[in-house]
Participant: 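Here it is: the structure, laid out below.
Note: hydrogens, waters and symmetry copies are ignored here, and every other heavy atom, side chains too, is used.
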Amino acid sequence: MSMISLLMLSLLLSGCEMTPKQARRELVESGYSYARDSFAECIAQADSVGLELFLLAGMDPSATTGGYSMLEHADGDAHMVAGLLRAGADPNGSGGVSTPLIRAVGKSGNAAVRLLLQAGAHADLANGTGRTPLMAAADRGDTTSARLLLAAGAAANARSRLGVSALSLAQREGHVVLAELLRQAGARQTDGPDLEALMDPGSLDQQAPERYQVTFQTSVGSFRIEVIRTWAPHGADRFYNLVGNGFFDEQRFFRVVRDRLVQFGLHGRPEVAGRWYEATIQDDPVTETNAPGTLSFASGGQAHSRTTQLFINLADNTDLDKTGLAPFGRVVEGLETVRQIQARYGELPEQERILSEGNEYLLKDFPELDSIQQARLIP
């Protein structure tokens, strides 16, 4: 600690009065500026003397900068959290990215979690994606914080916007004790996909079986697809990983060229769709023709540009073979269902708007589009 800091600490501990103007002068001499960014830097460095100076100088303890509140910048440091709370910081104050409790979970022996809860932090206050402090505890294997949150009334069955629950996170990360704690608190296995895995396309790279089948439940009925990996291995693998993680649930058939093809594969949540926009796969050689009922990935018109968009051929589209669009599967049951998919909007939905606005745009402007309720691998 510098000589200036030692002197300041002595003054502060002795209870000597200091004016805001004097505190600001000392901040400058200590290498800070009287600004929110500098206050956040002080907190991130766990500078107790600097914290007191900023507060004496009149800085708002609930200020935000860089998308985080000062309690979030404390990142679970119990001393910083305690000092900010004593100064009147809002325990639920957020800069919009995270929450103080989420940042505190798993840090400093859980002391900051206790302090925040005692100060009135809401146990279920979620971030922008719906992730709760209990989900953060489950993800990090923080059993102590999970107990504190549950005792404070945290909902054991809350789900994020991506379909994640605390129990699913604990199970995925192998936190057996924490998963059992959640079950005892009433957590149950929930239906529907856990979409958090879809936020990391690079991790979904399992090789598909040589043959597998997928059932689609849609607004017009069901159909079944058989995938034959030898037809187009890269396409078969990508489809297998997408289906296995619930990618197609609640999607719309956004493009229908009457009596030619039905297209889908843009996720209804922009935050997910955006992650896959450039997650391309290598081209496959065309070994099968685009015959009626076959399934192929669409491309962006360049080499190796396939991502998640697919189409089912309704006609003998052999002209597509020459463009490198390689079928990897076929409808083996329910092709007539596919032919009933709503075609009134044709090619009107704009793909750029689907990417940026998702199902909200489609529901508003094209309410009669047919949809996929769920797509599941058949064991």
Side-chain angles (χ1 to χ4, degrees), residues 1-128 131-133 136-137 140 142 144-145 148-149 152:
M1 185 177 291
S2 69
M3 184 61 69
I4 292 175
S5 295
L6 287 169
L7 289 171
M8 285 307 309
L9 182 59
S10 176
L11 286 170
L12 292 168
L13 291 176
S14 66
C16 294
E17 292 291 335
M18 179 181 289
T19 67
K21 186 175 180 180
Q22 289 173 321
R24 294 184 190 190
R25 185 183 303 119
E26 294 296 339
L27 283 171
V28 172
E29 292 180 5
S30 300
Y32 295 113
S33 62
Y34 186 65
R36 290 183 179 187
D37 288 346
S38 194
F39 188 27
E41 178 187 354
C42 164
I43 291 170
Q45 294 174 352
D47 183 351
S48 299
V49 173
L51 172 63
E52 293 299 332
L53 284 173
F54 271 105
L55 295 173
L56 284 169
M59 184 64 72
D60 180 4
S62 295
T64 63
T65 182
Y68 296 95
S69 68
M70 294 306 159
L71 278 172
E72 291 171 307
H73 281 294
D75 202 27
D77 184 288
H79 295 295
M80 293 292 103
V81 169
L84 288 165
L85 289 173
R86 280 196 302 270
D90 179 2
N92 296 299
S94 168
V97 178
S98 186
T99 73
L101 264 180
I102 288 175
R103 299 278 288 187
V105 165
K107 310 285 181 62
S108 301
N110 317 101
V113 173
R114 288 188 176 89
L115 289 168
L116 287 164
L117 289 171
Q118 289 167 3
H122 300 314
D124 283 325
L125 185 64
N127 66 11
R131 182 182 177 88
T132 66
R140 298 169 190 169
D142 187 351
T144 302
S145 285
L148 291 170
L149 292 163

Participant: Search all heavy atoms of L149 against all heavy atoms of A137 and return the closest pair with its distance.
Facilitator: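 Nearest heavy atoms, L149 then A137: CD1-CB, 4.4 Å.
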Participant: CG/N110 to OG1/T144 distance, rounded to the nearest 0.5 angstrom?
Facilitator: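 Answer for the CG-OG1 pair, N110 versus T144, is 4.5 Å.
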Participant: Taking R24 for its side chain and Y34 for its backbone only, find out whether a donor-acceptor pair lies under 3.5 Å.
Facilitator: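 It does not hold such a pair.
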Participant: To the nearest 0.5 Å, how far apart are CG in N127 and CD1 in I102?
Facilitator: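 It comes to 4.5 Å.
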Participant: For G76 and A112, which heavy atoms make the closest approach, and how far apart are they?
Facilitator: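 The answer is O-CB, 3.5 Å.
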Participant: Examine distances only and state if a side-chain atom of E72 and a backbone atom of S69 form a donor-acceptor pair shorter than 3.5 Å.
Facilitator: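 Flag set: sc E72 to bb S69 pair under 3.5 Å.
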Participant: Hey, what do you get for CG (L53) to CZ (F39), rounding to the nearest 0.5 Å?
Facilitator: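 With rounding to 0.5 Å, CG (L53) is 10.5 Å from CZ (F39).
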Participant: Write down the atom of L27, the atom of A57, and the distance for their closest heavy-atom approach.
Facilitator: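 Minimum heavy-atom contact is CD1-CB, 4.1 Å.
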Participant: Output side-chain donor-acceptor pairs under 3.5 Å for residues 84-95, partner residues at least two apart or in another chain, one line each.
Facilitator:
from: D90; atom 1: OD1; to: N92; atom 2: N; distance (Å): 2.9
from: N92; atom 1: OD1; to: H122; atom 2: N; distance (Å): 2.7
from: N92; atom 1: ND2; to: G120; atom 2: O; distance (Å): 3.3
from: S94; atom 1: OG; to: G96; atom 2: N; distance (Å): 2.9
from: S94; atom 1: OG; to: S98; atom 2: O; distance (Å): 2.6

Participant: Rounded to the nearest 0.5 Å, how far apart are CG of L115 and CE of M80?
Facilitator: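 CE of M80 is found 12.5 Å from CG of L115.
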Participant: Taking side chain as C-beta onward, heavy atoms only, is D47 less than 4.5 Å from Y32?
Facilitator: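 Yes. Closest side-chain heavy atoms under 4.5 Å.
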Participant: Compare every heavy atom of M59 with every heavy atom of R36, then report the nearest pair and how far apart it is.
Facilitator: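 Smallest interatomic distance, heavy atoms only, reads N-CE, 4.0 Å.
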Participant: Roughly how far, to the nearest 0.5 Å, is CG of L55 from SG of C42?
Facilitator: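 Rounded to the nearest 0.5 Å, the SG-CG separation comes to 8.5 Å.
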Participant: For the CZ atom of R25 and the NZ atom of K21, what is their distance to the nearest 0.5 Å?
Facilitator: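 It is 6.0 Å, given to the nearest 0.5 Å.
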Participant: With heavy-atom distances below 4.5 Å as the criterion, would you say the side chains of L101 and V113 are in contact?
Facilitator: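 A side-chain contact under 4.5 Å exists here.
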Participant: Taking all non-hydrogen atoms of both residues, which atom of L117 and which atom of A121 are closest, and how far apart?
Facilitator: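 So the minimum-distance heavy-atom pair works out to CD2-O, 3.7 Å.
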Participant: What residue pairs, at least two apart or across chains, pass salt bridge (Lys or Arg N to Asp or Glu O under 4.0 Å) with a residue in residues 101-126?
Facilitator: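 Output for this query lists D75-R103, D75-K107.
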Participant: Among pairs that include at least one residue of residues 69-113, which meet ring-ring contact (aromatic ring centres under 6.0 Å, His included), considering only residues two or more places apart or in two chains?
Facilitator: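 Those involving residues 69-113 are Y68-H73.
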Participant: For residues L116 and A104, report the shortest heavy-atom separation together with the two atoms involved.
Facilitator: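 Closest pair (atom of L116, atom of A104, distance): CD1-CB, 3.8 Å.
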